Amino acid sequence: MRLVVEKRTVASRRFSVAVRVASVAAALLTMAAVFAGYGLDPVRVYGGIFSKAFGTPVGLAETVVRMIPLLLISSGLALVFKAQFWNIGAEGQFLAGAMAAFVVATSLPDLPPHLLIPLMFAVGFLAGAAWGVPTAFMRAKLNVNEVITTLMFTYILDWIFQWTLSGPWKARETVGQLTYSGFRHSVVITENAWLPLIEGTRVHWPTLALAVAAAIAAYLVVSRTTFGYELRVVGDNPEAARAAGISYSKVVSVGMIISGGLAGMAGVGELAGIQHRFTAEFLTGYGYDAIITAWLGGMNPVGLLVANFLLGGLVVGGDYLQIKFRLPGGMIDMFNGTILFFVLAFEFLLRYRIRIRR
Amino acid sequence: MSSTQWAAIALILFVVGVGIGYMAAPKGAAPAQCPPCECPPCQPQAAPQYKAAFIYIGPIGDYGWTHEHEMARRAVQEMFPWLNTTYIESVPPDQAEGKMEELISEGYNIIFTTSFDYMDPTINEAKKHSDVFFFHCSGYKRWKNSGTYFADFYQLYYLNGLMAGALTRTGKVGYVAAFTIPEVVRHINAFAIGVHEVNPDAVVLVREIGAWYNPDLAADAAESLISEGVDVLAFTEDSPTVLQVAQQHHDRGERVLAFGHYSPMKQYGPDVCVSGQIAHWDRILEDILAKIYSGVYTTQNLENVDYWWKLKEGAVELGCADNEPINPIFIDELRQVHVNETVLLPNGTVLENPDVYKLVMARMIQMGVVWHPDTGTYTFTNDECFDPFTGPLYDNQGHLMAPEGQRLGHDALWTMQWWYQNVQGPPLGGG
């Protein structure tokens, strides 16, 4: 008797949802063991996290704040992942969008908000797309692995960004009688470029609306359009796609424009809605966290909404681990890592069938 | 509707249900101030009146900046029975406002934010919550309910520089800097002034790593400096890495010495750590909290409350171990180097051509602290008659930055963007 691994031809939707839910459950159980190891009751800990993140007005608002960029980025990622094109560089495309929007806001500070803000989002989309497309081109024409290039592009832009902060974008400021530029942050962008917030919260609703629209639009593109069909064929069977005359380079380039562009818009939202200036610590890893939620949510707007809402809540509720239970701050990263680990591990079950053969 | 969507909706309902269920469930300890256990003589009226929360930029385990703020939090927690404290670590500046909202909604009414980049978020929150006390560490913006505080190290860096100048044999001293912001430039220049006073031919080489906490980059920078001939290292970065690198070289039989930074780091380089800087944030916190408790500070009068504490207030201490200003294994070597100058002590004693050990102790006395080696204790005179930033001071382009006898003031120190004459560092300013 031995175990045999066979390739699974088709996984039913019911089965794939069940596998994803099971993967999250497995991650929660694993972390429960860690909490128990700290001498805490896991039921109380999870109760605390969930009631904090979803049950209080402040927690709920912060969960949504965290969800906005994740939802925008993961909608694009889920789309391009359909073509088995692994864009790991959303963090860089996010930054490209924010930097472009910063240039717009600082060059046209007197433009009224109803013109300036849409312009920033449009330019942010283009910049994010522009930072992503070369990697698609290199993959299609030169067969360079996109996992490497997309990640490296993020590092390149991050160093350019750090340089601008210590050089051309470094703000001049006044202390007492003296004007100087010493601190590594930019000027605050004009208030005309600040996104409106839902009263009493930090929820910048224009980006939220864009994110929800992007999730739905990405789903419709994949499921209802010719391009979406080509995307899926390229992903499922590149040989067949080539035989059918589908252009690989066109498909991954357009996919990357959408994915990079949406990440760029998320960067615009972060700059114009939350931070209003650049500091050396502008990037906080949304581009990487969105990879988890893109996997978890699949190419489905409801799935993406749920996955991003949950992950956003996890980060917000995670503060509770520190405030209330005195757990180290790194615990929440461990939490995210555990979820990604199980999601990817369980993905194996969707592609392969394990049989016992006598 | 497809099965996927049904499953997703079921998952949402489950999550919401768990949340509501938890909220609705009777909470055992909530209404009474007295938890069921751990407090036998239950006195509900003695419940804490103030809840203070700390927001940290790095992990507590950095063993540098954040670690020392955390030590201070624990100290004041012990000290004041009416105080309840908590913290959140590793908070990126963009999330600081959200974390403050969460803490305030949990009833915290004194918020300490301990990184420069929290400056704007702190002021924004102070304007929103006029009944909460805010204190921001290392910034310069204040509000009627938001003060500032800082324990400054530049006097200590100057004292470290005196020792570095005496101990370098290659004439090259290295400095690993996180960022060349004014605070760090001030520290490097103070260090360089000390080096220059003892060893006018020595140079100070600076490497900027672009991160407050990045042990890998700090190690690279230290190695690169050593490869250029540096044999004494100081740093401003939040980990003990530079000290560990020096100790590794020592273990291979090479002479590389270093200074500790922020916490008592001697254990990371027992054979190479000459001295260093130690912060005592608890001194400042104690003063702030006592004044809040006694009503001296209100949420109306903090606009001009700015703590800028140094040696004479006891907010900072010389050394890489508590109550040990200089590692004893280096004292003999320091005693053999003499400096051609005259130092006048506040009690009238005149030192002619003192050795560097004596010079360090004399300068410390001139800045308000007397070390008693026999008892291993300090006394504070609260009398400051010397400052390292006293002219003539030239920058490394040859410009006169302060004429003979002139002392740089607060604003000049807090905006410093020029290198002292013996410094070779990255370009400053910009914009």
Side-chain angles (χ1 to χ4, degrees), chain A residues 12-14 16-18 21 46-48 50-59 61-62 65 162 166-172 175-185 188 202 270 274-277 279-282 284 298 300 302-303 305-306 309-310 313 316 319 322-323 328-330, chain B residues 2-5 7-9 11-12 15-16 18-23 25 53 56-57 59-61 86-95 97-99 101-106 116-117 120 140 179-183 185 208 210-211 409-412 414-417 426-431:
Chain A
S12 75
R13 298 197 93 181
R14 192 186 300 271
S16 62
V17 170
V21 172
Y46 282 126
F50 285 120
S51 65
K52 177 78 202 171
F54 306 115
T56 65
V58 171
E62 280 300 305
V65 167
Q162 298 293 343
S166 38
W169 286 2
K170 204 171 178 184
R172 291 198 74 76
V175 169
Q177 302 291 311
L178 295 162
T179 309
Y180 75 111
S181 58
F183 291 104
R184 301 232 316 183
H185 54 211
V188 174
R202 301 197 302 151
E270 181 69 10
I274 300 283
Q275 303 205 32
H276 300 151
R277 73 157 25 143
T279 67
E281 280 138 298
F282 180 76
T284 49
N300 178 309
V302 180
L305 203 61
V306 172
F309 190 64
L310 274 179
V316 172
D319 297 338
Q322 291 195 57
I323 303 173
Chain B
S2 75
S3 58
T4 318
Q5 284 156 327
I9 287 165
L11 188 60
I12 298 181
V15 168
V16 172
V18 168
I20 292 171
Y22 179 81
M23 296 290 287
Y56 299 143
I57 190 81
I60 291 165
T86 193
Y87 66 84
I88 312 182
E89 62 180 335
S90 298
V91 176
D94 74 301
Q95 289 171 22
E97 283 184 44
K99 309 272 179 187
E101 287 292 332
E102 287 166 32
L103 289 163
I104 293 165
S105 75
E106 292 282 319
F116 178 78
D117 283 334
D120 292 333
Y140 53 81
F179 293 101
T180 50
I181 59 171
E183 171 197 334
V185 171
E208 182 180 7
H410 172 277
D411 292 352
W414 275 68
T415 58
M416 188 169 277
Q417 284 289 288
L428 295 174

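Letters go in sequence order (proteins before strands), and every chain restarts at 1. This one's a predicted model, so the numbers in the text were calculated from it and none came from an experiment.
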Between [X] and [Y], which heavy-atom pair has the shortest distance, and what is it?
X: B:Trp414; Y: B:Pro182; answer: O-CB, 3.3 Å
X: B:Pro426; Y: B:Glu208; answer: CG-OE1, 3.9 Å
X: B:Pro59; Y: B:Ser90; answer: N-OG, 3.5 Å

Counting only heavy atoms closer than 4.5 Å, note whether [X] contacts chain A via side chain, backbone, both or neither.
X: B:Tyr56; answer: neither
X: B:Gln95; answer: both
X: B:Ser105; answer: side chain
X: B:Asp94; answer: both
X: B:Tyr87; answer: both
X: B:Ile60; answer: neither

Tell me, for [X] versus chain B, whether the close heavy atoms (under 4.5 Å) come from the side chain, the backbone, both or neither.
X: A:Arg184; value: both
X: A:Val65; value: neither
X: A:Pro57; value: neither

Item to check | Side chain B:Glu101, main chain A:Val58, donor-acceptor under 3.5 Å | outcome: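 Between the backbone of A:Val58 and the side chain of B:Glu101 there is no qualifying donor-acceptor contact (under 3.5 Å).
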Next on the checklist: Between B:Gln417 (side chain only) and B:Thr180 (backbone N and O only), is there a donor and an acceptor less than 3.5 Å apart?
Outcome noted: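 Answer holds: yes.
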Item to check | Between B:Pro92, B:Gly98, B:Gly61, the one whose heavy-atom pairs under 4.5 Å with chain A are most numerous | outcome: B:Gly98
Item to check | Side-chain heavy atoms of B:Ile57 within contact of B:Pro93, under 4.5 Å | outcome: yes
Checklist entry - Does a side-chain N-to-carboxylate-O contact under 4.0 Å join B:Glu106 and A:Lys52? => result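 Yes.
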